[in-house]
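Worksheet: the structure to be examined is printed underneath.
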Amino acid sequence: MADPKGFLTTGREVAKTRPVEERVKDWNEVYQPGSLLPIISKQAGRCMDCGIPFCHNGCPLGNLIPEWNDYAYREDWSAASERLHATNNFPEFTGRLCPAPCEAACVLGINQPAVTIKNVEVSIIDKAWDSGDVTPQPPERLSGKTVAVIGSGPAGLAAAQQLTRAGHTVAVYERADRIGGLLRYGIPEFKMEKVHINRRIEQMRAEGTKFRTEVEIGRDIDAAKLRRRYDAVVIAAGATVSRDLPVPGRELKGIHFAMEYLPLANKVQEGDFVAPPITAEGKHVVVIGGGDTGADCVGTAHRQGAASVTQLEIMPKPGEERSAGQPWPTFPMLYKVTSAHEEGGERVYSVSTTHFEGDEDGNVQFLHLVEVEFVDGKLEQKPGTERKIPAQLVTLAMGFTGTDRANGLVEQFGLELDERGNIARDADFATNVDGVFVAGDAGRGQSLIVWAIAEGRSAARGVDRYLTGASELPAPIRPTDRALTV
């Protein structure tokens, strides 16, 4: 146990962010560099080392949270890093991007502010990189088996690293021009600087993983031919089909999916553009969708110099405290103020878009909306609440409906889909096609980064067993496991 009285004597303290007026002028991460290490050991000491640590249940990776909290409290950073990497290939990703279901399940959180698990995690891994504790782990011998991984998001990267370390020869295929999937182009730089991806890729290259960019399976390479070329295939292509908004005026110029808008801003940071082809500069911006992707659009618009930013959400405003219907240790739906929301803009709840209005040149100018409410369990419009707001750039951030089928990958492999339109798989993450496995959002549907990594690790075990007859790789979850919610 860390500090036996830590949860009684130490209050919760989180990472400090840079002043708003400073950070909206650049694309660096919003947190103050070096602000965590002076406080993190005491924060780790708040961990009670519970008899039954429910943080393990909240986290699909089964992270050994009380153990690395103890090491962080004692400032044994090497041991903390070893425990952290025992269950998580990329803690620098989850420590920055995961919404921390582990904290929602923290036993201390029953009646006190939970342990800052996410901050402890990112402190350990950043210290490990700085200290040289993160090194390549190439296999002692090669199996002679080959594996293709389709997609280089967190699920694909986790599967690839696990299989490479097991001795298989792994090639990762990515249709974009850089490795990382949505981590690269869907996550703004101010949430995670891409140096964290780059150095992991270099570690994986040193371990033996091969990367093939700008190759889309189904278009550039026939999926059936790829299957014949490799002993096994892992599909980790994500759920990349954005949910659309089929209302009058949708065809107007200036209305874009979030994943059309965000990648271009990231490409500016990569040096591909001087200015993004789609920009919020000087425009009234409306973001439709109240989730994390919507918040990313909000923060991006602030940095591009938007005249105003309004975020719309069809659901009612969540409460700031757990309701009786969302008991501990489930992950509650609470009102969150992200760093992007701190920077300004308006958030409007319980509204639905009815149509868009444009100018004579076909550019969107206004968004018409109406207030909605639940009546007998159904959303209905409230008469007399219609109004319009300025909208010269609209981003649709309403989630994703499934994996891309337009490229032919699903049909060329001959894959079966489940009732939700995801690629069906069995208990070993195997599809109906021999030697073809699926991991991440392509099989689970839209989910969190921590679930993607858990899926990649678990699918790797299924592949390893398929190739060798047995496997010692860990499998933290089953395909049917779901988040701890009501």
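- Under the 6.0 Å cut-off for aromatic ring centres, Phe437 and Tyr466 qualify, their centroids lying closer than that.
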Are Val120 and Ile65 close enough, and set up right, to give a side-chain contact (heavy atoms from CB on, under 4.5 Å), and what steps lead you there? CA-CA 9 Å; Val120 177; Ile65 294 166; over 6 Å; no
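- The distance from the CD atom of Glu371 to the CD atom of Glu373 is 9.0 Å, given to the nearest 0.5 Å.
- A donor-acceptor distance shorter than 3.5 angstrom exists from the side chain of Arg322 to the backbone of Thr330, with no hydrogens or angles considered.
- Contact between Trp77 and Ile40 at its shortest, heavy atoms only, is CH2-CG2, 3.6 Å.
- For the pair Lys16 and Tyr31, the cation-pi test (distance below 6.0 Å, angle within 45°) is failed.
- Between the CG atom of Asp231 and the NE2 atom of His168 there is a distance of 9.5 Å, given to the nearest 0.5 Å.
- For Lys210, the NZ atom sits in a loose shell: 12 or fewer heavy atoms of surrounding residues, nucleotides or ligands are nearer than 6.0 Å.
- How far CG of Asp3 is from CG of Asp49: 12.0 Å, rounded to the nearest 0.5 Å.
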Between Met204 and Phe211, is the side-chain contact (heavy atoms from CB on, under 4.5 Å) condition met? List the steps. CA-CA 9 Å; Met204 292 178 67; Phe211 295 98; 4.0 Å; yes
Chi angles and distances behind the salt bridge (charged side-chain N to carboxylate O under 4.0 Å, His left out) call for Arg444, Asp441: CA-CA 5 Å; Arg444 174 169 293 270; Asp441 290 0; over 6 Å; no
Using the rule given for salt bridge (charged side-chain N to carboxylate O under 4.0 Å, His left out), can you reason through Arg425 versus Glu455, listing the C-alpha separation, both sets of side-chain angles and the distance that settles it, and then say yes or no? CA-CA 12 Å; Arg425 65 267 183 92; Glu455 287 248 344; 2.8 Å; yes
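- Looking at Arg347 and Lys317, their side chains never come closer than 4.5 Å, going by heavy atoms from C-beta outward.
- Atom CZ of Arg199 has more than 12 neighbouring heavy atoms from other residues, nucleotides or ligands inside a 6.0 Å radius.
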With side-chain contact (heavy atoms from CB on, under 4.5 Å) as the criterion, how do Arg303 and Glu343 come out once you've worked through the C-alpha distance, each side chain's angles and the decisive distance to 0.1 Å? CA-CA 10 Å; Arg303 283 158 180 76; Glu343 294 160 3; 2.8 Å; yes
Stepwise side-chain contact (heavy atoms from CB on, under 4.5 Å) test for Tyr261 and Gln304: CA-CA 12 Å; Tyr261 173 61; Gln304 291 178 344; 2.7 Å; yes
